[in-house]
Protein chains: 2
Amino acid sequence: MPSKPYHHGDLRRALIEAAVEIAREHGADEVSLRRVARHAGVSHAAPYHHFPDRTALIAAVAEVGFRALANDVSAVERSIESPRERLHEAGVAYVVFAVSNPEQFRLMFSREIADSTPYPDLHAAAADARAGLERAVAASRLGSGTTSEPIDVAAAWALVHGLATLIIDGQLGNEAASPEGAAALSRAAIHAFWSQRS
Amino acid sequence: MPSKPYHHGDLRRALIEAAVEIAREHGADEVSLRRVARHAGVSHAAPYHHFPDRTALIAAVAEVGFRALANDVSAVERSIESPRERLHEAGVAYVVFAVSNPEQFRLMFSREIADSTPYPDLHAAAADARAGLERAVAASRLGSGTTSEPIDVAAAWALVHGLATLIIDGQLGNEAASPEGAAALSRAAIHAFWSQRS
DNA sequence: GCTCGATGTTGACAGTGGTAAGATTCACGC
DNA sequence: GCGTGAATCTTACCACTGTCAACATCGAGC
């Protein structure tokens with residue numbers, strides 16, 4: 001049995017999975033190239049044959065994260081009739097994703113890849129995720145007709161993104177740390193902004 | 001002339017200022033203990049006589065940041081009559097502070113000090129800043145009387161915090177990068193949530 | 001005026017991202 | 001079948017980081 005062939009076979013994928021696992025178990029800032037390589041059973045320089053540098057690995061991990069987020073958001077989109085309700089639940093899905101995968105979420109919005117233009121695949125995945133929110137906002141026509149749409153998208157995104165980051169940093173209490181608690185809190189927060197109308 | 005006395009005199013303060021300056025000029029993640037020490041003109045181990053570890057230095061920097069933020073927010077509080085307007089402008093001040101001091105803002109919400117309980121002074125400063133928003137929310141009674149107040153605070157905080165983080169990460173376009181642009185954007189976003197009422 | 005604690009320095013260690021040079025193996029043309 | 005070049009992986013370095021231990025220097029109070 002070739003227990004350890006010289007060539008790994010699918011090291012790129014293995015490195016990404018190792019990074020996700022290390023992030024989940026030890027935190028996003030424990031994801032170092034060397035540790036990822038160790039976890040995948042290769043030498044510390046092997047990753048450089050698949051990623052030009054550490055940032056590129058993070059970008060790849062973030063890319064799969066954005067794809068999962070886009071998936072979660074559009075699943076909600078397909079399952080709800082009322083445009084207003086659909087927007088609300090898309091926001092809840094955003095927050096729940098962050099709370100369910102806090103370390104990956106942190107990686108997705110880590111500073112080194114804030115400008116995603118050098119990573120086209122990441123850029124596309126992030127745009128897809130954002131497009132989900134944009135569709136939900138456009139359909140529900142948040143605000144009166146006088147406000148321009150980009151502002152509505154920015155406001156909606158900011159609200160759920162703020163909830164997500166504050167919750168996963170523990171700033172909004174421990175009840176919100178669980179996906180159920182996060183869903184309840186974000187639903188309540190969203191309704192707080194709309195309750196004055198109903 | 002004693003160009004370099006053996007003892008610095010006020011090294012603790014000098015280290016904090018050096019950290020702020022390095023963050024401003026080179027980015028928050030360039031703030032290393034050794035670089036800060038170098039910038040202050042002392043050896044790389046000198047900081048350990050004033051801070052137990054790197055995190056404690058970050059906590060000290062974040063503390064002055066939170067004090068400045070609390071100051072900015074309560075300055076707005078004192079200058080505006082209408083409770084509703086006061087809440088809105090307190091939120092704008094939060095975002096403008098972040099955009100005006102992006103690297104310090106990042107330090108203030110960096111993960112290593114997300115739990116501020118080991119740093120009582122930082123904890124108090126952060127609580128002061130938050131208290132500003134809480135007062136503004138309580139006075140304006142965001143939402144109808146049926147929503148509980150902590151939710152209102154969380155929602156308001158999440159909105160402005162989300163705006164702040166998204167803007168300083170460049171996710172909301174370059175127009176928002178300037179303090180004026182950020183003020184305009186955040187005012188519009190806040191009004192987007194209220195316009196449906198007026 | 002001496003001593004002791006506070007403050008500073010030098011030197012070491014393990015860990016990191018990154019590069020260079022060499023080893024191994026795969027794929028493909030003959 | 002077989003060689004040869006490219007892709008992959010390894011070992012060995014470099015500079016940098018946080019942190020600690022040992023030692024040097026100074027100031028404040030007895």
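Residue numbers start from 1 in every chain, and the chains themselves are labelled A, B, ... in the order their sequence lines are given, proteins ahead of strands.
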Problem set entry | Derivation of the side chain to side chain contact (heavy atoms under 4.5 Å, CB included) call for A:R187 and A:E89 | CA-CA 8 Å; A:R187 234 183 296 267; A:E89 291 306 311; 2.6 Å; yes
For this session: Compare side-chain N and O positions of B:R12 against OP1 and OP2 of C:dA6 and report whether any pair is under 4.0 Å apart.
Result: no
Problem set entry | Distance in angstrom units between B:I58 CD1 and D:dT17 C1', rounded | 13 Å
For this session: Please figure out whether A:A45 or A:E30 has its closest DNA chain C nucleotide nearer the 5' end.
Result: A:E30
Exercise. Just how far, in rounded Å, is C1' of C:dT16 from CG of A:L57?
Worked result: 14 Å
For this session: Measure from the side chain of A:H44, starting at C-beta and using heavy atoms only, and say which of C:dT19, C:dT9, D:dT19 lies closest.
Result: C:dT19
Problem set entry | Rounded distance in Å - CZ (A:R38) to P (D:dT11) | 14 Å
Exercise. Side-chain donor or acceptor of B:H49 under 3.5 Å from a matching atom on the base of C:dG5?
Worked result: no
Problem set entry | Heavy-atom neighbours of B:R13 CZ exceed 12 at 6.0 Å | no
Exercise. In which ranges does DNA chain D form stems of 3 or more consecutive Watson-Crick or G-U pairs, distances under 3.5 Å?
Worked result: C:1-30 with D:1-30
For this session: Go through the steps to decide whether B:E30 and B:E25 satisfy the test side chain to side chain contact (heavy atoms under 4.5 Å, CB included), and finish with yes or no.
Result: CA-CA 9 Å; B:E30 294 292 322; B:E25 296 184 359; over 6 Å; no
Exercise. Just checking B:S32: base, sugar-phosphate only, or nothing, at a heavy-atom cut-off of under 4.0 Å?
Worked result: sugar-phosphate
For this session: Apply the test side chain to side chain contact (heavy atoms under 4.5 Å, CB included) to residues A:E17 and A:E21: give CA-CA distance (whole Å), side-chain angles for both, the deciding distance (0.1 Å), then the verdict.
Result: CA-CA 6 Å; A:E17 287 174 4; A:E21 193 165 343; 5.8 Å; no
Problem set entry | Options D:dC13, D:dT17, D:dC9, nucleotide nearest the side-chain atoms of A:H50 | D:dC9
Problem set entry | Separation of C:dG17 P from A:E112 CD (nearest whole Å) | 10 Å
Seminar exercise, completed: From CG of A:L11 across to C1' of C:dT25 the rounded distance in Å is 15 Å
Exercise. Which pair of heavy atoms, one from B:A56 and one from B:P52, lies closest together, and at what distance?
Worked result: CB-CD, 3.6 Å
Exercise. Counting just side-chain N and O atoms, does A:R35 come under 4.0 Å of either OP1 or OP2 of C:dA14?
Worked result: no
Exercise. Could you go step by step and tell me if B:L122 and B:F66 meet the side chain to side chain contact (heavy atoms under 4.5 Å, CB included) rule?
Worked result: CA-CA 8 Å; B:L122 166 61; B:F66 275 113; 3.7 Å; yes
For this session: Could you tell me the separation between the CZ atom of B:R34 and the C1' atom of C:dT16, rounded to a whole number of Å?
Result: 13 Å
For this session: Grab the CG-P distance between B:L15 and C:dT7 for me, whole Å please.
Result: 12 Å
Seminar exercise, completed: Separation of C:dG15 atom P from A:R54 atom CZ, nearest Å, is 17 Å
Seminar exercise, completed: Only residue of A:D53, A:L15, A:V36, A:L11 satisfying side-chain contact (heavy atoms from CB on, under 4.5 Å) with A:P47 is A:L15
